[in-house]
Amino acid sequence: MYTVDPTFSVYSLIERIQQERIVLNHRRTMSLISYEIENAALIDGVHIRIFAGFQYLSKFLPQVKRYKQLAATAEAVYVFGVPDIQPPPIPNVRYINLTSSDRLAKEWFLIAHSIDFSSALATEEISQFSDPDDQRQFKGVWTFEVEIVTIMNDWLTSLVDARPLADAEGRHNYERQQQLVGKSVARLSQMAESLKPTATIASEVADSIRNSGAEPAE
């Protein structure tokens, strides 16, 4: 059983480091970005460690099939949420229970880290959790900056008492990172193009790409 510090916050860490990049996004935008981070494993085959904050585990249920596939290729997957339901056992997925008063229960985050690829989405909900999904809003940052993602990975690794990712320490493959970032941003840019009728979401995706500091592959 894991014990989580109720004051621990992924969002507050990145807020201190990247205050100028904080943006406002709707739930749909968060989903698109989260999917793209996960695609590094599902599409590009990267062996990554993943920390995913769903706020409540009932919000995780629609993703069970996807996470079964993700866990089959990932180094390990840690899913955080208030246990308002009993989630199904999935090989290589560990559930980290939160309480509704924990700071992490108000945050949507996805941290992916390995020697080849690092990316993090860290947000805090500013709407009410009871609001309809299409009205829920978050403030936060999507980043590919390896040093920042490493810090977040190390904090969360310690929190769940996991072994350090020894093969990712001090010898990140920046050339491979650049290639994968280019693919990731290109896929999401194409998605944003298809979302033009949904102008708000398309604009938010474009803003998130710019603020991530990444450029699409040529």
Side-chain angles (χ1 to χ4, degrees), residues 1-5 8 10-11 13-14 30-55 57 59-81 83 87-98 104 107-123 141-185 187-188 212 214:
M1 176 66 98
Y2 302 98
T3 301
V4 176
D5 180 348
F8 182 84
V10 172
Y11 171 74
L13 173 63
I14 203 165
M30 299 294 93
S31 294
L32 292 171
I33 293 172
S34 295
Y35 268 45
E36 193 44 58
I37 295 174
E38 295 161 1
N39 281 341
L42 291 172
I43 295 178
D44 300 318
V46 183
H47 191 58
I48 50 179
R49 176 173 290 181
I50 291 176
F51 298 95
F54 281 85
Q55 299 181 291
L57 291 182
K59 296 292 184 182
F60 172 70
L61 285 183
Q63 305 302 323
V64 164
K65 181 178 179 181
R66 182 176 176 85
Y67 266 69
K68 284 181 179 179
Q69 297 173 320
L70 187 60
T73 60
E75 185 272 340
V77 179
Y78 298 86
V79 173
F80 293 72
I90 301 174
N92 206 28
V93 171
R94 296 166 179 83
Y95 296 105
I96 313 300
N97 290 345
L98 305 175
L104 286 181
E107 301 183 9
W108 179 330
F109 60 88
L110 186 62
I111 316 301
H113 187 53
S114 75
I115 192 171
D116 290 324
F117 179 78
S118 293
S119 184
L121 172 69
T123 75
V141 169
W142 178 30
T143 183
F144 293 104
E145 294 189 27
V146 175
E147 293 76 11
I148 292 173
V149 181
T150 299
I151 291 171
M152 300 171 80
N153 170 79
D154 290 351
W155 274 33
L156 289 162
T157 293
S158 176
L159 185 71
V160 301
D161 197 27
R163 64 175 182 80
L165 281 174
D167 62 349
E169 293 290 334
R171 57 187 188 94
H172 193 81
N173 186 341
Y174 285 92
E175 182 177 355
R176 181 64 173 152
Q177 168 85 8
Q178 186 175 10
Q179 292 172 349
L180 290 167
V181 169
K183 290 182 178 180
S184 182
V185 172
R187 284 192 294 258
L188 197 56
S212 74

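Nothing fancy with the numbering, it's 1 onward along the sequence.
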Applying side-chain contact (heavy atoms from CB on, under 4.5 Å), can you list everything that pairs with Ala41, at least two apart in sequence or on another chain?
Ile48, Leu70, Thr73
For Phe54 and Gln63 the tightest heavy-atom approach is CE2-CG, 3.9 Å
Please identify each residue that fulfils side chain to side chain donor-acceptor pair (under 3.5 Å) with Glu107, with sequence neighbours left out.
Ser9
Is the side chain of Thr157 donor-acceptor paired with the backbone N or O of Asn153 at a distance under 3.5 Å, no angle test?
yes
Taking atom types as modelled, find out whether Gln179 and Tyr174 have a side-chain donor-acceptor pair closer than 3.5 angstrom.
no
The criterion is side chain to side chain donor-acceptor pair (under 3.5 Å); which residues satisfy it with Glu75, sequence neighbours excluded?
Arg49, Arg163
Mind checking whether Gln177 and Asp116 have side chains closer than 4.5 Å, heavy atoms only?
no
Results of ring pair (Phe, Tyr, Trp, His ring centres under 6.0 Å) for Phe109 - residues two or more places apart only:
Phe80
Residue list, salt bridge (charged side-chain N to carboxylate O under 4.0 Å, His left out) with Asp44, at least two apart or on another chain
Arg187
Sequence neighbours left out, what passes salt bridge (charged side-chain N to carboxylate O under 4.0 Å, His left out) with Arg66? Give chain and number order.
Glu38
Between Ser34 and Trp108: side-chain donor-acceptor atoms closer than 3.5 Å:
yes
Spacing of Thr143 atom OG1 and Leu121 atom CG [to the nearest 0.5 Å]:
10.5 Å
Below 4.5 Å, heavy atoms only, C-beta onward: do His113 and Phe51 meet side chain to side chain?
no
Note, Pro88 side chain near Val64 side chain (heavy atom, < 4.5 Å):
yes
Any non-hydrogen side-chain atom of Leu180 less than 4.5 Å from a side-chain atom of Val46?
yes
Smallest separation among heavy atoms of Ala71 and Pro91, with atom names:
CB-O, 3.3 Å
Show the nearest heavy-atom pair for residues Ile111 and Met152, with the distance to one decimal.
CD1-CE, 3.5 Å
My understanding is that only residues two or more places apart in sequence, or in another chain, count here; which of them pass side chain to side chain donor-acceptor pair (under 3.5 Å) with Glu175?
none
Approximate separation, where rounding is to 0.5 Å, of Ile151 CD1 and Leu156 CG
12.0 Å
Can you name the one residue among Leu104, Val160, Asn97 that meets side-chain contact (heavy atoms from CB on, under 4.5 Å) with Val4?
Leu104
Any Ser119 side-chain heavy atom under 4.5 Å of Trp142 side chain:
yes
Please identify each residue that fulfils side chain to side chain donor-acceptor pair (under 3.5 Å) with Tyr95, with sequence neighbours left out.
none
Measuring from atom NZ of Lys65 to atom CD1 of Ile90, what distance do you get when rounded to the nearest 0.5 angstrom?
13.0 Å
Please name all residues satisfying ring pair (Phe, Tyr, Trp, His ring centres under 6.0 Å) with Phe8, sequence neighbours left out, ordered by chain then number.
Trp155
If you compare all heavy atoms of Ala122 against all heavy atoms of Val10, which two are closest, and at what distance to 0.1 Å?
CB-CG1, 3.7 Å
N/O donor-acceptor pair under 3.5 Å between Asn173 side chain and Arg176 backbone:
yes
When you compare the side chains of Ser114 and His47, does any donor N or O come within less than 3.5 Å of an acceptor on the partner?
no
Partners meeting side-chain contact (heavy atoms from CB on, under 4.5 Å) with Ala76 (sequence neighbours left out)
Tyr78, Asn92, Arg94
Residues, nucleotides or ligands: over 12 heavy atoms within 6.0 Å of Asp5 CG
yes
Check: Phe144 and Val149 side chains under 4.5 Å, non-hydrogen atoms
no
